[in-house]
Amino acid sequence: MEEHCSCRHRHNDFILQDGLMRVDGGQAIVPNVIKAVEVARRRGILVIWVVREHDPLGRDVELFRRHLYSGGKVGPTSKGSPGAELVDGLVIMEGDYKVVKTRFSAFFATHLNSFLKTTGINSLVVIGVQTPNCIRQTVFDAVELDYKHVTVIVDATAAASPDIHAANIIDMRNIGVATPALHEWCESDD
């Protein structure tokens, strides 16, 4: 079983206190995201960094967010901005793979599915933020695209509140997604 670890939205704009799109639970999971990436690399699991990078004028952002890019403002995760950088401790290393996206799902309008299929990867481990948006949409797309095993590490993902996070984890579990805690995933053979 080929596996990859997909790291999502660890940008400054989503994690830091002054981030333009700050997710309340984001800062707390950074150590677990770092550990999950380290474990994945030790296991020989390909680490794929799924990052949002938007046109500074917001021409490629969802309609409901375009106002954040108007009037000369630097919008969230604008390409080249400090907000688009990964938070401290997260580093794309040689051998990792980077996918740039502009929507919730890592599969929407990207080459991710083609890359995974041609590489023989059929199992996904998903970590990062924001659980009800990017995590959930990517996971549901992965299930619909017939990936054999989809895992969401529950304490290496986060949402605006614990209740929102838990409700979305339940929904993903109900469609067959594995939802271990980081320590359980680290101790498993997967």
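Because the structure is a prediction, the values reported are computed rather than measured.
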**Request:** Any chance you could lay out the side-chain contact (heavy atoms from CB on, under 4.5 Å) test for Leu16 and Arg22, step after step, and finish with the verdict?
**Result:** CA-CA 6 Å; Leu16 298 183; Arg22 185 176 63 84; over 6 Å; no

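- The nearest pair of heavy atoms linking Ala160 to Val23 is N-CG1, 3.7 Å.
- Hydrophobic cluster membership of Met93, counting Ile, Leu, Val, Met, Phe, Trp and Tyr whose side-chain heavy atoms lie under 4.5 Å apart directly or via other members: Val91.
- In terms of heavy atoms, Gly128 sits closest to Val33 at N-CG2, 4.4 Å.
- Across all their heavy atoms, Pro56 and Lys79 have their closest contact at CG-O, 4.2 Å.
- Contact of the Leu116 side chain with the Leu124 side chain is registered, since non-hydrogen atoms from C-beta on lie closer than 4.5 Å.
- The distance from the CG atom of Leu68 to the CE atom of Met21 is 6.0 Å, given to the nearest 0.5 Å.
- Rounded to the nearest 0.5 Å, atoms CG (Asn122) and CG (Leu145) are 13.0 Å apart.
- Criterion: ILVMFWY side-chain heavy atoms under 4.5 Å apart, direct or through other members. Under it, Ile121 and Val50 are part of a common hydrophobic cluster.
- Here Thr131 pairs with His165 under the side chain to side chain donor-acceptor pair (under 3.5 Å) rule; sequence neighbours left out.
- Atom CG of residue Asn32 and atom CD1 of residue Ile127 lie 9.0 Å apart, to the nearest 0.5 angstrom.
- For Val139, the side chain to side chain contact (heavy atoms under 4.5 Å, CB included) partners two or more places apart in sequence, or in a different chain, are Val126, Ile135, Val150, Val152, Met172, Val177.
- Lys35 places no side-chain N or O within 3.5 Å of a backbone atom of Glu38 that could act as its donor or acceptor partner.
- Residues Trp49 and Leu90 form a side-chain contact, since some pair of their non-hydrogen atoms from C-beta on lies under 4.5 Å apart.
- Qualifying salt bridge (Lys or Arg N to Asp or Glu O under 4.0 Å) partners for Asp88, counting only residues two or more places apart in sequence or in other chains: none.
- Side-chain contacts under 4.5 Å among hydrophobic residues (ILVMFWY), followed directly or transitively, place Leu63 with no other residue at all.
- Every residue meeting the salt bridge (Lys or Arg N to Asp or Glu O under 4.0 Å) condition with Asp96, not counting sequence neighbours, appears here in chain and number order: Arg41.
- When side chains are defined from C-beta on, Val30 counts as touching Ile15, because their heavy atoms get closer than 4.5 Å.
- Phe108 and Ile48 are assigned to two separate hydrophobic clusters, defined by single-linkage of ILVMFWY side chains at heavy-atom distances under 4.5 Å.
- Cation-pi geometry between Lys117 and Tyr147 is met: the NZ or CZ atom falls under 6.0 Å from the ring centre, inside 45° of the normal.
- Here salt bridge (Lys or Arg N to Asp or Glu O under 4.0 Å) pairs that include residues 151-176, with residues two or more places apart or in two chains, are Arg136-Asp171.
- The SG atom of Cys186 sits 7.5 Å away from atom CZ of Arg42, with the distance rounded to the nearest 0.5 Å.
- Note: Phe14 and His11 have tilted aromatic rings, judged against thresholds of 30 and 60 degrees for the angle between ring planes.
- Residues Val39 and Ile34 share a single hydrophobic cluster, defined by chaining ILVMFWY side chains whose heavy atoms lie under 4.5 Å apart.
- Remark: Lys98 engages Val51, Glu53, Ile92, Val100 in a side chain to side chain contact (heavy atoms under 4.5 Å, CB included) (not counting sequence neighbours).
- Of all heavy-atom pairs spanning Arg43 and Ser188, the tightest one is NH2-O, 3.0 Å.
- Taking the six-membered ring where tryptophan is involved, the planes of Phe115 and Tyr97 are essentially parallel, since the angle between them stays under 30° and well short of 60°.
- Asp141 meets the side chain to side chain donor-acceptor pair (under 3.5 Å) test with Ser105, Gln137; sequence neighbours excluded.
- Taking hydrophobic clusters as Ile, Leu, Val, Met, Phe, Trp and Tyr residues chained together by side-chain heavy-atom distances below 4.5 Å, Ile164 does not share a cluster with Phe140.
- Note: Asn12 CG to Thr77 OG1 = 11.0 Å, rounded to the nearest 0.5 Å.
- Residue pairs satisfying the salt bridge (Lys or Arg N to Asp or Glu O under 4.0 Å) criterion with at least one member in residues 142-154, sequence neighbours excluded, are absent.
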**Trace of the side-chain contact (heavy atoms from CB on, under 4.5 Å) decision for Ile45 with Val125** = CA-CA 10 Å; Ile45 296 171; Val125 177; 5.5 Å; no

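- The minimum heavy-atom distance linking Gly25 with Ala158 is given by the pair O-CB, 3.4 Å.
- Sorted by first and then second residue, the pairs that involve residues 57-76 and meet salt bridge (Lys or Arg N to Asp or Glu O under 4.0 Å), not counting sequence neighbours, are Arg52-Glu62, Asp55-Arg59, Glu62-Arg65.
- Val99 and His111 get closest at one heavy-atom pair: CG2-NE2, 4.4 Å.
- Taking CG of Asn168 as the reference point, atom OG1 of Thr157 lies at 9.5 Å (rounded to 0.5 Å).
- With sequence neighbours excluded, no residue satisfies side chain to side chain donor-acceptor pair (under 3.5 Å) with His183.
- Checking side-chain atoms of Thr138 against main-chain N and O of Ala106 turns up a donor-acceptor pair under 3.5 Å.
- Panel note: side chain Ser78, backbone Gly75; a donor-acceptor pair is recorded below 3.5 Å.
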